[in-house]
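Presented below is the structure to which this report refers.
The sequence lines fix the lettering, A, B, ..., with proteins before strands; numbering per chain opens at 1.
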Protein chains: 2
Amino acid sequence: MFQKNGHNHGRCIISAMKIATDLCAERGVRLTALRSHVLELIWQSHQPVGAYELLDILKSERRNAQPPTIYRALNFLLNLGLIHRIESLNAYVGCDTPHTNHNTQFLICSGCGAAAEISDVRLDKAINALAKDAKFSVKHRSIEVEGQCPNCQVS
Amino acid sequence: MFQKNGHNHGRCIISAMKIATDLCAERGVRLTALRSHVLELIWQSHQPVGAYELLDILKSERRNAQPPTIYRALNFLLNLGLIHRIESLNAYVGCDTPHTNHNTQFLICSGCGAAAEISDVRLDKAINALAKDAKFSVKHRSIEVEGQCPNCQVS
DNA sequence: CTAGTTACTGTTATAATATATCAGTAATTC
DNA sequence: GAATTACTGATATATTATAACAGTAACTAG
């Protein structure tokens, strides 16, 4: 769901980082300084952010950062489910429920750019039903809905 | 829905081109030789095809074709709904129902690469419902489901 | 603890997708 | 037939992503 305009975003970041640390410990994989840093950068907002945008910020601290630097970190985080890729934007956004096996959907606001991750069971069931009708075996879903979030709607 | 393996694809092409001609006439826009040609190329199969792949084919006939050549034609066709863009593939596929105001979904086979356009009302309703819950006003949907089509499933 | 191995990062180059801009040509309109 | 609008040509460049190889850090077995 979309965050309220003045929400305490610091908490979102702290929580996300703790979830990531725990998940990596649990899985026995290394959340290196670089990966951790990239994840923090992604979590600076609820707006999906592009790889090169991240790279530019990263460069101000690691001036030798190159595209592979960022893409490796992104792929690591994607594989763990700590971030999602928004296909229609070529951008990346944090996920605060990486542990749950989520068939999620995104509502993307064209006003403020924020993306809300939804996990709607009705929708998921509808997809399963239509796939069954088509005798199609589902592997991956990319459900992205663009429009205006409550904060950005002019009434 | 997915086409059967040995279907008469010539008919798909002829039908699509007629639909396009009619639609352009109705809208008073010009289906120029270039645009018509690009549409035909897209309709050579039910597999979404990339812009540069189209460009390469186009070049064998118009050797001065450049990226803008193909992107202009694609944008024209997209605006009319004669083709769709598959975001998760950066590729384009023909639409045989451009006149209907369609909130469609795509089933994309990772085996053969074919994309089936579905217009499932349950799914559409589910999206409307979840958007309403989130007080989100929907403008555009991108629903892309990847998996195996009936023809490609190993049983 | 140290040699061997695996995982991670640095670095350079390049691939793949898409758009901006200005000039010229064809079609439509008045 | 002149003016306007729409379309195409042509060059340049922006944006997103990956390949490949070298070097370094971390882990693992003995």
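Between the side chain of Gln47(B) and the backbone N or O of Cys112(B), at least one donor-acceptor pair lies under 3.5 Å.
Position along DNA chain C of the nearest nucleotide to Tyr52(A) versus Asn64(A) favours Asn64(A) as the more 5'-ward residue.
Look at CG on Asn75(A): it is 13 Å from C1' on dA19(D), rounded to the nearest Å. One interatomic measurement links the two molecules: CG of Leu89(A) to P of dT15(D), which rounds to 16 Å at whole-angstrom precision. Remark: C1' of dT19(C) and CG of Leu74(B) are 13 Å apart, rounded to the nearest angstrom. Distance, Tyr71(A) OH to dT14(C) C1': 14 Å, rounded to whole Å. Leu55(B) has its CG atom 14 Å from the P atom of dT19(C), to the nearest Å. Rounded to a whole Å, the CG atom of Leu58(A) is 9 Å from the P atom of dG10(C). If you measure from atom CG of Asn90(B) to atom P of dT18(D), you get 11 Å, rounded to the nearest angstrom. To the nearest angstrom, C1' of dA15(C) lies 13 Å from CG of Asp56(B).
With hydrogens and angles left out, the side-chain atoms of Glu144(A) and His140(B) include no donor and acceptor closer than 3.5 Å. Inspection of the Glu61(B) and His37(B) side chains reveals an N or O donor paired with an N or O acceptor under 3.5 Å. Using modelled atom types and a 3.5 Å distance limit, the side chains of Arg141(A) and Asn128(A) yield a donor-acceptor pair. Looking at Glu146(A) and Ser110(A), their side chains do bring a donor and an acceptor atom within 3.5 Å of each other.
Proximity of residues 32-43 of chain B to DNA chain C (heavy atom under 4.0 angstrom from any strand atom) is not detected for any residue.
Applying the side-chain contact (heavy atoms from CB on, under 4.5 Å) rule to Lys135(B) yields the partners Pro150(A); only residues at least two apart in sequence or on another chain are considered.
At dG10(C), one or more side-chain N or O atoms of Arg62(A) fall inside 4.0 Å of OP1 or OP2 (strictly under the cut-off).
A salt bridge does not link Asp120(A) to Lys125(A): none of the charged nitrogens lies less than 4.0 Å from a carboxylate oxygen. The existence of a salt bridge linking Arg122(B) and Asp133(A) is confirmed by a sub-4.0 Å separation between a basic side-chain nitrogen and an acidic carboxylate oxygen.
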**Message:** Could you walk me through whether Gln44(B) and His9(B) satisfy the side chain to side chain donor-acceptor pair (under 3.5 Å) test, starting with their C-alpha distance in whole Å, then the side-chain angles of each, then the deciding distance to 0.1 Å, before giving a yes or no?
**Reply:** CA-CA 8 Å; Gln44(B) 288 311 300; His9(B) 188 62; over 6 Å; no

**Request:** Indicate for each nucleotide in nucleotides 20-29 of chain D, in 5' to 3' sequence, whether protein heavy atoms under 4.0 Å reach the base (B), only the sugar-phosphate (S), or nothing (-).
**Result:** B-----S---

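Heavy atoms of Tyr92(B) sit under 4.0 angstrom from primed sugar atoms or phosphate atoms, though from no base atom.
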